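Below, each value reflects all heavy atoms present in this structure, side chains not excepted, and no hydrogens, waters or symmetry copies. None of these values were measured; they are calculated from a predicted model. Each residue takes its place number in the sequence, starting with 1.
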Amino acid sequence: MAAERQGGRGGGEENKENERPVGTGADGLSDSLGLEILQIVKESQQQHGLRHGDFQRYRGYCSRRLRRLRKTLNFKMGNRHKFTGKKVTEEILSDNRYLLLILMDAERAWSYAMQLKQEANTEPRKRFHLLSRLRKAVKHAEELERLCESNRVDAKTKLEAQAYMAYLTGMLRFEHQEWKAAMEVTAFNQETIYEKLANAFTEEQAVLYNQRVEEISPNIRYCAYNIGDQSAMNELMQMRLRSGGTEGLLAEKLEALITQTRAKQAATMSEVEWRGRTVPVKIDRVRIFLLGLADNEAAIVQAENEETRERLFESLLSECRDAIQAVREDLKPDQKQREHSLESDSGKVSNMQYLHSYLTYIKLSTAIKRNESMAKSLQKALLQQQRSEEDGKRTPRPQDLIRLYDIILQNLVELTQLPGLEEDKNFQKEIGLKTLVYKAYRCFFIAQSYVLVKKWSEALVLYERVLKYAGEVQSEAGAFTNSLKVGTQPCVQDLVCHPYHLFFNFADANDNHETESPSQVKDGKPLSERFETFCLDPSLVSKQVNLVHFPPGFQPIPCKPLFFDLALNHVAFPPLEDKVEQKAKSGLTGYIKGIFGFKS
């Protein structure tokens, strides 16, 4: 409640301009009332919840704004004890805020209907309340259109009021599944009003009208499809692809329509063939997925930008995981069949296990294509690295590509371990060649990362490894050349002719030539005497390493001094007999004297 009160106070300051009278004359009547209906609706929706699909928040905003408008216009519906209904008539139409009052009534009813539509997914009974609220919104829109027919309202507001009423009427017919009536009303809304308004104003003002036309187009094609126009389905798919997904009322219906169409086609699908083996398909979810696989892959190829392509990849992987889960659930009841997948008579895996391998192959292959697509976009960004650094943006690094290629190689390892394909030599060889290609690319970008830190020797070794992988692929490809070039599969020839490779290889050759000059080779200095000079010395990794001179040469050193005492022979020393203690007497007499303390 505190948040709503705060939003109400902020909304009053925000909408002062819209609530101000327009063109009021001296007599108190408006010479020409105008209201930017579509602009007000769009701004209010985006700022108060609909950007995140929160219709309840938007409905609360409409209620608070209605209360403010009634208080400002002194147009209250009675008091707290008694309700007294009032209607806006042409006689009291002296301010554009009366038109805004009816518009907010219609928006509040519409937002409540959209809120109930979200809740009706789990509570179907709310659909009746939904239709009631939509009818209420249409009633308010009709009242707004009737008031705008007055001479006090300008021509632009009249057209926008007609378009707004037609839009809500089309939505009501759409929910009632009255396809023909909904298409006629919506087409009138699009072609007769909004397109004319877009052509009548400047480009900045026409953007809003053109956006509304684009929002309405899928609804028209959907109604045409339900009437019987089969070509509308393809147009709907193209619209869904270009827009990156539909929104609003049409979103769930279009997805349900696609699923329903594929389900009808799946009824006639009973088996699938892969790598020379035909297996029956009995699970409906798997049938629907396999039927839509070609369309999804075509949509990925036709995607206009990276964001749309990434979204389509994720959608395809999600559907594939669901199909794999359905197969796993079908395998659970027969535990023995899952544990012992090999048939005793033919030596082949069971049909259900082979179908599981096929779906896993599709999932891993799609993941590889997605990562390869991401790698290509990163490679393009690396080519523009200098310009991006000047712009102050974070630039991609070769380490980002290394991670992608590690994931691709892991997926290829999983492909070789699929049950039922262990004995397929052609498949194993094809995967082996692809592994060599991606290893070459991984080595190339590891070398690029070493170049950035100026570790020339490591980079040069890795470049040679890239050429080795490329030579192995070109020599062993043979019949698999075409398969290696399908889709987003990279070509090793691009690595051999890559400008980065040529540039850094040439730079390494020049560095090696400069550091290993003839003078350095001839003087034969050991490593201990040339610490300050960098040189690529091949002898350092051999068995005879020239580190120091051994044994070291003789060098002169100072000797230990000799001392001669010349004054010793000329010195007379004093006698010391009196200071020397005489030797004590021994025997029995001396022992007795010692006991009694007698001393000599």
Side-chain angles (χ1 to χ4, degrees), residues 1-19 35-69 100 103-122 126 130 133-134 137 140-141 160 163-164 167-168 170-171 174-175 186 189-190 194 197-198 204-219 239-255 304-308 310-312 314-315:
M1 293 301 293
E4 289 187 4
R5 287 194 295 270
Q6 183 179 0
R9 290 192 294 271
E13 293 294 329
E14 176 185 355
N15 297 305
K16 279 185 178 180
E17 183 177 355
N18 292 334
E19 296 178 7
L35 191 67
E36 300 285 347
I37 295 178
L38 184 59
Q39 182 179 355
I40 292 174
V41 168
K42 284 294 183 183
E43 289 180 356
S44 301
Q45 290 178 355
Q46 291 299 315
Q47 295 174 6
H48 298 279
L50 262 64
R51 183 176 297 177
H52 309 290
D54 191 350
F55 293 98
Q56 185 176 5
R57 176 186 167 191
Y58 181 58
R59 182 165 67 97
Y61 162 77
C62 292
S63 299
R64 294 191 300 272
R65 191 169 186 184
L66 278 170
R67 185 167 60 250
R68 292 196 303 271
L69 285 170
L100 186 59
L103 178 62
M104 286 295 104
D105 269 327
E107 282 294 292
R108 180 174 64 173
W110 171 82
S111 60
Y112 195 13
M114 295 300 100
Q115 177 187 345
L116 292 170
K117 182 176 178 61
Q118 291 179 340
E119 298 173 359
N121 295 328
T122 56
K126 289 191 176 183
L130 154 69
R133 290 294 92 193
L134 271 181
H140 288 302
E160 288 205 33
Y164 183 70
Y167 177 72
L168 292 181
M171 294 181 67
F174 197 91
E175 284 297 321
T186 311
N189 185 11
Q190 172 188 0
Y194 282 127
L197 286 172
E204 295 181 357
Q205 295 175 332
V207 171
L208 200 60
Y209 300 117
N210 289 328
Q211 289 178 353
R212 176 53 68 95
V213 170
E214 293 177 0
E215 292 176 7
I216 296 172
S217 297
N219 294 44
M239 291 179 182
R240 174 172 172 262
L241 177 61
R242 288 194 300 269
S243 62
T246 53
E247 298 178 356
L249 281 173
L250 189 62
E252 298 178 1
K253 291 184 177 294
L254 181 56
E255 295 298 332
E304 297 179 355
N305 51 60
E306 294 296 331
E307 183 179 357
T308 303
E310 180 66 20
R311 182 188 59 79
L312 292 174
E314 290 297 333
S315 176

Contact summary for A137 and L168, nearest pair of heavy atoms: O-CD1, 3.7 Å
Identify the two heavy atoms, one from A106 and one from H140, that lie closest to each other, and give their separation to 0.1 Å. CB-CB, 3.7 Å
Which residues satisfy the ring-ring contact (aromatic ring centres under 6.0 Å, His included) test with Y58, sequence neighbours excluded? none
Apply side chain to side chain contact (heavy atoms under 4.5 Å, CB included) to residues M114 and R133 and explain how you reach the verdict. CA-CA 9 Å; M114 295 300 100; R133 290 294 92 193; over 6 Å; no
I'd like to check L100 versus R65 (side-chain heavy atoms, cut-off strictly below 4.5 Å). Are they in contact? yes
To the nearest 0.5 angstrom, please state how far the CG atom of L134 sits from the OH atom of Y112. 12.5 Å
Kindly write out the residues that satisfy side chain to side chain contact (heavy atoms under 4.5 Å, CB included) with R57, not counting sequence neighbours, or none if the list is empty. D54
Run E107 and Y164 through side chain to side chain contact (heavy atoms under 4.5 Å, CB included) and show every step you take. CA-CA 11 Å; E107 282 294 292; Y164 183 70; 2.5 Å; yes
Test side-chain hydrogen bond (donor to acceptor under 3.5 Å, both in side chains) applied to Q115 - qualifying residues, sequence neighbours left out: R59, E119
For E310, give me all partners under side chain to side chain contact (heavy atoms under 4.5 Å, CB included), at least two apart in sequence or on another chain. E314, R370, M374
CG on L35 to CD1 on I40, rounded to 0.5 Å: 4.0 Å
What do the steps show when you test K117 against F55 for side chain to side chain contact (heavy atoms under 4.5 Å, CB included), and what is the final call? CA-CA 10 Å; K117 182 176 178 61; F55 293 98; over 6 Å; no
Between CZ of R311 and CD of E307, what distance do you get to the nearest 0.5 Å? 9.0 Å
Only counting residues at least two apart or in another chain, list the ones meeting side-chain hydrogen bond (donor to acceptor under 3.5 Å, both in side chains) with R108. D105
Flag side-chain contact, heavy atom, 4.5 Å: M171 against E175: no
NE2 of H52 to CD of Q46: how many Å apart, nearest 0.5 Å? 9.0 Å
Under the ring-ring contact (aromatic ring centres under 6.0 Å, His included) test, residues paired with Y209 that sit two or more places apart: none
Work out which heavy atom in L130 is nearest to a heavy atom in L116; give both atom names and the distance. N-CD1, 3.7 Å
